[in-house]
Protein chains: 2
Amino acid sequence: MNNHSPLDITLTDRKDCVTITEWVYEVLRNAVMCGQILPGRSLTIRELAGALNVSPMPIREALKKLSTERALEVRENRRILVPKMTAMKFNELCDARIVLESHAAARALPYINDDILEELKTLDSEIDNARNMKNVEATIQNNQAFHRQLYSANPHQVSLPLIESLWLQLGPFLRLANSQLKEHYIIDRHQEALQAIKNKDALSLQLAIAADIREGVAFAGTLELLHQFIAEPYIY
Amino acid sequence: MNNHSPLDITLTDRKDCVTITEWVYEVLRNAVMCGQILPGRSLTIRELAGALNVSPMPIREALKKLSTERALEVRENRRILVPKMTAMKFNELCDARIVLESHAAARALPYINDDILEELKTLDSEIDNARNMKNVEATIQNNQAFHRQLYSANPHQVSLPLIESLWLQLGPFLRLANSQLKEHYIIDRHQEALQAIKNKDALSLQLAIAADIREGVAFAGTLELLHQFIAEPYIY
DNA sequence: TCAAACCTTTTGTGATCACAAAAGGTTTGA
DNA sequence: TCAAACCTTTTGTGATCACAAAAGGTTTGA
């Protein structure tokens with residue numbers, strides 16, 4: 001049974017400035033995102049408290065937060081688990097990302113100055129480096145940083161938390177699918193996006209971001225991968 | 001000082017089937033949405049525990065949930081308060097609503113059968129009734145129910161939680177602004193939306209929903225109201 | 001008069017415990 | 001053999017307490 005497989009969660013070390021709850025949140029969020037907790041695996045407060053060597057209290061708060069952000073699912077009987085993916089839900093999440101993120105990009109455009117543009121270029125070359133080193137995790141992290149940097153140029157940003165929730169829901173599945181790929185052909189549309197920013201061309205920027213997302217998740221949309229990972233086949 | 005004004009929160013009675021935390025969440029959510037807690041007012045766990053006559057524990061969990069949903073804001077010093085509105089943020093929230101909700105409507109369209117259409121018509125006439133009775137609260141509630149019913153026709157719905165977060169952020173301000181109006185001229189675009197649904201016309205549906213939202217919040221966008229309620233002037 | 005120093009009160013965080021309900025075994029009985 | 005009845009263990013919820021840090025007064029001293 002799935003639920004008795006041992007938990008293997010990466011523990012980072014906690015800085016004194018963050019509360020235990022915040023540290024637990026980061027650790028669990030990372031574990032979900034990196035597929036360390038398989039969908040369908042149910043999580044209990046006491047088991048996690050033991051695994052992270054903290055009292056049940058911070059675990060409780062972190063689990064509640066992740067549930068509110070839809071990274072975890074709370075069942076009717078109050079069990080908490082990593083939600084399973086379905087092909088239709090995958091589709092909905094990708095389309096919601098495209099709509100929200102291209103909107104957020106267009107809304108950020110008027111606020112992008114030369115400093116921010118430089119930072120975006122730096123992040124883009126770091127993505128290329130990570131990709132050349134075949135470092136999948138760093139590629140994903142830097143790619144998220146690029147998008148986050150772009151949207152948060154807008155000082156009145158309200159969409160980013162919603163976008164992060166979508167990333168959190170797609171994350172585990174994308175990484176599981178990614179880990180099955182022998183080759184990573186993925187190229188991005190960041191050059192087009194940067195050009196559109198230079199030209200202050202909102203429509204081109206939206207199209208570049210939409211294409212970037214669509215092509216970035218397309219690899220996971222192949223029938224074989226969907227069948228391999230979706231719904232039931234997660235059982236150990 | 002704002003923070004010493006007495007709390008006046010409507011207490012509903014709690015059904016045995018819901019946990020205390022869930023009840024507290026509903027009560028506080030409603031209080032925020034109805035403007036019973038003014039923006040800038042800071043909330044403490046012990047004060048609310050006293051006011052709702054429960055232990056601090058359920059208050060803590062409910063406050064955390066509302067903060068994660070952006071209904072409340074957590075400051076650097078860990079104080080929790082109802083966030084203040086700014087003209088720019090108001091604008092961003094409305095535009096995010098338009099983008100997300102017209103998308104959600106179009107995505108729900110293929111799943112709307114005759115039963116759901118009938119329910120939408122019923123809700124629309126209930127909105128008209130409430131409006132004729134000059135019952136502002138019932139009008140808002142039924143209007144939200146209409147939108148929620150429409151979007152959740154899609155069984156793979158992922159946008160609704162994001163949309164509800166936006167409602168939660170706009171809610172207090174819209175109601176405060178509404179309470180200042182002598183006359184409510186507001187008409188909605190629900191008839192157009194219903195017609196578009198009958199015709200299975202996704203684009204018309206999107207346009208109707210977009211117009212419905214834009215016109216529904218326009219009353220609050222007048223300069224006088226913005227100046228009256230935005231940023232600082234909430235002090236008692 | 002007024003800021004610095006000090007002290008008291010209030011605060012959120014985290015630990016611990018009790019308890020009812022759910023989950024999960026085991027025994028029973030035909 | 002197998003489902004019903006029973007019992008044990010595990011679970012999330014909610015209450016309570018301790019404590020360090022923050023907030024908010026008050027006193028001091030020039």
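Model, not experiment: these values are computed from the prediction. Residue numbering restarts at 1 for every chain, and letters A, B, ... go by the order of the sequence lines. Side chains are part of it too, since the values below use all heavy atoms of this structure and drop only hydrogens, waters and symmetry mates.
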Original post:
Closer to the 5' end of DNA chain D via nearest nucleotide, is it B:M57 or A:L63?
Top reply: A:L63

Original post:
Would you say a side-chain N or O of A:T19 is under 4.0 Å from OP1 or OP2 of C:dG12?
Top reply: no

Original post:
Should A:T44 be listed as having a side-chain N or O under 4.0 Å from OP1 or OP2 of D:dT11?
Top reply: yes

Original post:
Starting at the 5' end of DNA chain C and moving along, which residue's nearest nucleotide shows up first, A:N77 or A:P56?
Top reply: A:P56

**OP:** For A:R78 and for A:R46, locate the closest nucleotide of DNA chain C by heavy-atom distance; then report the residue assigned to the nucleotide nearer the 5' terminus.
**Re:** A:R46

**OP:** Classify the side chain of B:R60 versus the base of C:dG14 as yes if they form a donor-acceptor pair under 3.5 Å and no if they do not.
**Re:** yes

Are [X] and [Y] close enough for a salt bridge, meaning some N to O gap below 4.0 Å?
X: B:K84; Y: B:E73; result: no
X: B:E47; Y: B:R41; result: yes
X: A:R148; Y: A:E164; result: yes

Subject >> Minimum heavy-atom distance between B:H103 and B:S159, given as atom pair plus value >> reply: ND1-OG, 4.2 Å

For [N], which nucleotide is its Watson-Crick or G-U wobble mate, given both distances must be under 3.5 Å?
N: D:dA30; answer: C:dT1
N: D:dG25; answer: C:dC6
N: C:dG12; answer: D:dC19

